[in-house]
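Contents: one structure, followed by commentary.
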Amino acid sequence: MGSIELNPSDATSISQRGEAYRLLERYEDARSDLNRVIELNPHDFSAYVSLGLVNLAQDRNEEALAKLARAIELEPNNAYAIGLVGWTNRILGRHQEALLSLNHAIELNQNSASTIASCGWVYLQIGWYDEALTDLNRAVELDETNTFIIGDRGETYRQMGRYDEALTDFNRAIELDETNAFTIGGRGETCRQMGRDKETLADLNHAAELDKEDDWNLLVEG
């Protein structure tokens, strides 16, 4: 697919094309357009956020943080940009920084299920199970059919040893998306901890087939 010819000084059209390229996963084309938008308008908040998302998609996390920081300079109370900073720090394993940003974003927008769930996942990663469950319960209330959030709560229950509740969540998440390796693998691991070997092997083998890059094969072999 070729490029769409645009007026090189039309920031609005170039921005729209750059966003379209991002959604099509044509990241270098998106980067080129979005950088051009910033050349034309150094105060374009949306271009900085979109560049942050492009960098995240390419695992260029430090560059993503730099672009998002510039976006926040332009709009200091934008909950979405602040939440993305928290998400990026979570990826980088900077849990305290992630929690600071995510909780700040939640203060600004108390109805963002994805931000609240992200905060819950960070709490889970550092072993703060009650805090994780509080956030994930709230996130599920806000978005009752989000398979990722329900699966994250299932994983929280599993790590807390609340296996029946974990299975309920994993089963619900799998009903919503039968191709999610994380939830299928999580259900398999829960079954393993409950001594249900046949179901364990079925789920972990299925998860391994769906996501060959993850470590479900190691769980099956172990």
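- Residue Glu178 holds its CD atom at 10.0 Å from OG1 of Thr183, rounded to the nearest 0.5 Å.
- Ala173 and Gly151 get closest at one heavy-atom pair: CB-N, 4.1 Å.
- Val122 and Tyr129 fall into different hydrophobic clusters, where Ile, Leu, Val, Met, Phe, Trp and Tyr residues are linked whenever their side-chain heavy atoms come under 4.5 Å apart, directly or through other members.
- Closest of all the heavy-atom pairs between Ala64 and Gly52 is CB-O, 3.5 Å.
- Between the side chain of Tyr80 and the main chain of Ala105, no donor-acceptor pair closer than 3.5 Å is present.
- Here Asn89 contributes atom CG and Ser118 contributes atom OG; the two are 12.0 Å apart, rounded to the nearest 0.5 Å.
- Note on Leu124 and Leu92: separate hydrophobic clusters, where clusters join Ile, Leu, Val, Met, Phe, Trp and Tyr whose side-chain heavy atoms are under 4.5 Å apart, directly or indirectly.
- Atoms CZ and CZ, from Arg162 and Arg153 in turn, are 9.5 Å apart once rounded to the nearest 0.5 Å.
- Ala81 and Asn78 make their closest contact through N-OD1, 3.0 Å (heavy atoms, listed as atom of the first residue, atom of the second, distance).
- Between Arg138 and Asn111 there is a side-chain heavy-atom pair separated by less than 4.5 Å.
- Heavy atoms from other residues, nucleotides or ligands lying under 6.0 Å from CD of Gln58 number more than 12.
- Arg187 and Glu175 are not joined by a salt bridge, as no carboxylate oxygen comes within less than 4.0 angstrom of a charged side-chain nitrogen.
- Taking the side chain as every heavy atom from C-beta outward, Leu210 and His206 approach each other to under 4.5 Å.
- With respect to Arg60 and Glu28, a salt bridge is recorded, a charged nitrogen being found less than 4.0 Å from a carboxylate O.
- Side-chain atoms of Ile149 and Leu142, non-hydrogen and from C-beta on, never get closer than 4.5 Å to each other.
- Tracing side-chain contacts under 4.5 Å through hydrophobic residues (I, L, V, M, F, W, Y), one never reaches Met194 starting from Leu204; they form parts of separate clusters.
- Although no hydrogens or angles enter the test, the distance criterion places a donor-acceptor pair under 3.5 Å between the side chain of Asn137 and the main chain of Leu133.
- Using a 4.5 Å heavy-atom cutoff, the side chains of Arg31 and Asn55 are in contact.
- Distance CH2/Trp87 to SG/Cys119: 12.0 Å, rounded to 0.5 Å.
- The side-chain heavy atoms of Val85 and Leu65, taken from C-beta on, include a pair separated by under 4.5 Å.
- No side-chain heavy atom of Leu53 sits under 4.5 Å from any side-chain heavy atom of Lys67.
- If you take CD on Glu155 and CG on Asp169, they are separated by 11.0 Å, rounding to the nearest 0.5 Å.
- Using a 4.5 Å cut-off on side-chain heavy atoms (C-beta onward), Ile38 and Leu51 make contact.
- In this structure, Glu73 places its CD atom where more than 12 heavy-atom neighbours from other residues, nucleotides or ligands lie under 6.0 Å away.
- The shortest non-hydrogen separation linking Arg70 to Pro42 is NH2-O, 3.4 Å.
- Checked options Thr190, Ile150, Asn180; the residue passing with Phe170 is Thr190 (criterion: side-chain contact (heavy atoms from CB on, under 4.5 Å)).
- The shortest side-chain heavy-atom distance between Asp135 and Glu131 does not fall under the 4.5 Å cut-off.
- Summarising the geometry, atom CG belonging to Leu84 is positioned 9.5 Å from atom CG belonging to Leu102; distances are rounded to the nearest 0.5 Å.
- Between the side chain of Ser50 and the main chain of Ser46, a donor-acceptor pair closer than 3.5 Å is present.
- In this structure, Tyr123 and Trp128 have parallel ring planes: the angle between them is below the 30° cut-off, well short of the 60° mark.
- Of all heavy-atom pairs between Ala132 and Gly120, the closest is CB-O, 3.3 Å.
- If you run side-chain contact (heavy atoms from CB on, under 4.5 Å) between Leu167 and each of Arg196, Arg158, Arg172, Glu199, only Arg196 comes through.
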